[in-house]
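No experiment lies behind these values; they were computed from the predicted model shown.
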Amino acid sequence: MGGLKDELLKAIWHAFTALDLDHSGKVSKSQLKVLSHNLCTVLKVPHDPVALEEHFRDDDEGPVSNQGYMPYLNKFILEKVQDNFDKIEFNRMCWTLCVKKNLTKSPLLLMEEDSFKVWVIFNFLSEDKYPLIIVPEEIEYLLKKLTEAMGGGWQQEQFEHYKVNFDDSKDGLSVWELIELIGNGQFSKGMDRQTVSMAINEVFNELILDVLKQGYMMKKGHRRKNWTERWFVLKPNIISYYVSEDLKDKKGDIILDENCYVESLPDKDGKKCLFLIKCFDKTFEISASDKKKKQEWIQAIHSTIHLLKLGSPPPHKEARQRRKELRKKLLAEQEELERQMKELQAANENKQQELETVRKKLEEAASRAAEEEKKRLQTQVELQARFSTELEREKLIRQQMEEQVAQKSSELEQYLQRVRELEDMYLKLQEALEDERQARQDEETVRKLQARLLEEESSKRAELEKWHLEQQQTIQMTEAEKQELENERVMKEQALQEAMQQLEQLELERKQALEQYEGVKKKLEMATNKTKSWKDKVAQHEGLIRLIEPGSKNPHLITNWGPAAFTQAELEEREKNWKEKKTTE
């Protein structure tokens, strides 16, 4: 109820101010009686003529001031007001009283009806202090709304330039200055009077009449089930629908509460973009012109029902309250900052006085310090002489220490050189030992290869002797079988020739193995000699290492059962005799 009272007081203040013709802050009793009677009529408050006459008795001296009229206004009118009167009629009565005095000429782009709507919007957006003004933040908000309604682009730079040129002595604009600002077309260039009028009407419907959305849609009847086009108007707790947008022929209302809900419907009966509004006792089927309009209406109705559930005011009123609270907060912060600045200024003055006192003390201390400086300089000269003597002595000692350090460094360098030589010698010795180990491994590999070749040769020889015995036995067979045996002999002879070729190949491989063995043996001897030379060198330096000596250098034939019982020459002689015997046979 407090918010309604504040809104009513703003319009009544305009009417009271208009009746104050000489700007003395007082109005005659007869005029106030007429004003009170008209207020009771439009606000639908019971008129109490006895109380009116009692309050404005003829024996009172002179006219009544605003403060003198407020007790009667509060007690007998505003406290009895219910939210059942026509706000537009109330505002128009107060507007009629003040327009002739203040609106001397019609602005360029505004008709009187548009000026009235701007006047009502001003009362909605103005600050709750008198005389009434609208601050620059709210001016910017209103001009933005009008620009959006006209379909134009908001010129922020232009408004910033306007704020720079704003009179610093004023905190905002009066309602008549606001009407002039909108009417002169400064922020609506290129727009005609009809466009500006439609924009003002749209903003007026939203801010004052609480129209959240409006537009044409098709509605399905409850009785005849026919579809009829209606003009729908959505407000915070009701949806009204009319024959046309002039709002003259109202056809019905859809009462909204927290139990209502809205949902989309599929297309049916040739109708598209359908949605349903379900209330307590009725269900309304509506068809929008397109999918976008359908979604906008569903979202708007859903938001309205949600606000009803939360008990929140309409969005524009809630936004206005938030802006006012923000301005109050900023004002409080600014006042706190000013208070802190005053405190800092006072503290700064105290600091200045303290600094002045300190400066005087410093001057006195400086004079005393000058005398002490003379004594200090004399003492410093004496100390410098003593310090020079000590410095010379310290230089001499430092020079001697540097010579000792240089000598020790030279000895250390020689020692480190010897250590590096020994490390290099040790690395080379390790390499020689690694070469000897590799040579021994190669020698062992060759020995194994030679043993395998000897074993294969023995096997072939045994096979050849067996064939020879078989051949001798075959010769002693009967003459009848001689031809057949001769054929077998030829075949075995061919096999023998192939075996001889294989034997020769094995002999060749054996010789190659012997050559490899000789190469490995030479490498081993070289590694041994090299190891021995390094051994001598190490023995000359330290005498700490003894190398492993190689075995006997005499060549031996090696078989799988160990060293052979005959030499290489004996083996060749036996092979030669066997070949000659084979040829003779």
Side-chain angles (χ1 to χ4, degrees), residues 1-5 7 43-44 80-90 124 202 204-322:
M1 196 65 185
L4 178 61
K5 179 180 177 181
E7 292 181 11
L43 295 176
K44 298 183 179 180
K80 298 180 180 180
V81 173
Q82 302 296 325
D83 197 8
N84 59 349
F85 63 95
D86 189 339
K87 294 182 180 180
I88 302 301
E89 183 182 358
F90 163 75
F124 176 74
E202 182 176 336
F204 178 81
N205 288 338
E206 178 183 352
L207 300 183
I208 306 304
L209 300 182
D210 295 337
V211 175
L212 303 179
K213 189 170 182 59
Q214 57 185 349
Y216 280 108
M217 290 189 294
M218 301 293 291
K219 174 185 170 297
K220 184 178 182 180
H222 286 89
R223 294 181 180 178
R224 287 185 288 179
K225 306 298 180 181
N226 59 332
W227 291 88
T228 311
E229 186 178 51
R230 295 286 183 248
W231 177 262
F232 286 82
V233 178
L234 172 64
K235 292 187 177 182
N237 59 351
I238 192 173
I239 302 176
S240 301
Y241 49 95
Y242 304 81
V243 173
S244 62
E245 55 187 293
D246 59 10
L247 308 182
K248 292 182 179 179
D249 188 3
K250 185 175 182 180
K251 304 302 291 183
D253 294 319
I254 303 174
I255 307 299
L256 300 177
D257 56 29
E258 61 272 14
N259 296 317
C260 296
Y261 67 89
V262 59
E263 63 180 12
S264 177
L265 291 178
D267 298 343
K268 62 179 181 179
D269 300 335
K271 294 295 179 182
K272 297 182 179 180
C273 306
L274 297 174
F275 64 94
L276 175 75
I277 303 176
K278 176 66 176 178
C279 296
F280 177 72
D281 54 348
K282 284 186 179 181
T283 300
F284 298 86
E285 292 186 24
I286 300 174
S287 172
S289 57
D290 53 48
K291 292 182 179 180
K292 181 181 178 182
K293 294 290 184 183
K294 169 187 173 180
Q295 189 60 35
E296 289 177 356
W297 272 98
I298 291 176
Q299 184 62 37
I301 297 171
H302 179 74
S303 301
T304 303
I305 295 173
H306 183 67
L307 291 176
L308 288 173
K309 291 180 180 179
L310 298 178
S312 302
H316 59 275
K317 290 186 178 179
E318 188 175 3
R320 178 193 64 172
Q321 187 62 31
R322 284 200 302 268

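For Lys272, the NZ atom is loosely surrounded, since the number of other residues' heavy atoms within 6.0 Å does not exceed 12. For Lys293, the NZ atom is loosely surrounded, since the number of other residues' heavy atoms within 6.0 Å does not exceed 12. Summarising the local packing, NZ of Lys225 is surrounded by more than 12 heavy atoms from other residues, nucleotides or ligands at distances under 6.0 Å. When the shell of 6.0 Å around NE2 of His222 is examined, it contains more than 12 heavy atoms from other residues, nucleotides or ligands. Crowding of Lys271 atom NZ: a count of heavy atoms from other residues, nucleotides or ligands under 6.0 Å exceeding 12.
In this structure, the side chain of Asp253 does not engage the main chain of Tyr241 through any donor-acceptor pair within 3.5 Å.
With a 4.5 Å cut-off on side-chain heavy atoms, Ile239 and Phe284 do not count as touching. In this structure, the side chains of Lys248 and Tyr242 stay at 4.5 Å or more apart for every pair of heavy atoms.
Of the N and O atoms on the side chains of Thr228 and Lys219, not one donor lies less than 3.5 Å from an acceptor on the other residue.
Summarising the geometry of Tyr216 relative to Val243, their closest heavy-atom pair is CE2-O, 4.2 Å, with the distance given to 0.1 Å.
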- Message: Please determine whether side chain to side chain donor-acceptor pair (under 3.5 Å) holds for the pair Ser264 and Lys294, giving the CA-CA distance in whole Å, both sets of side-chain angles, and the decisive distance to 0.1 Å.
- Response: CA-CA 9 Å; Ser264 177; Lys294 169 187 173 180; 2.6 Å; yes

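In this structure, the separation between NE2 on His316 and CD on Glu318 is 11.0 Å, given to the nearest 0.5 Å.
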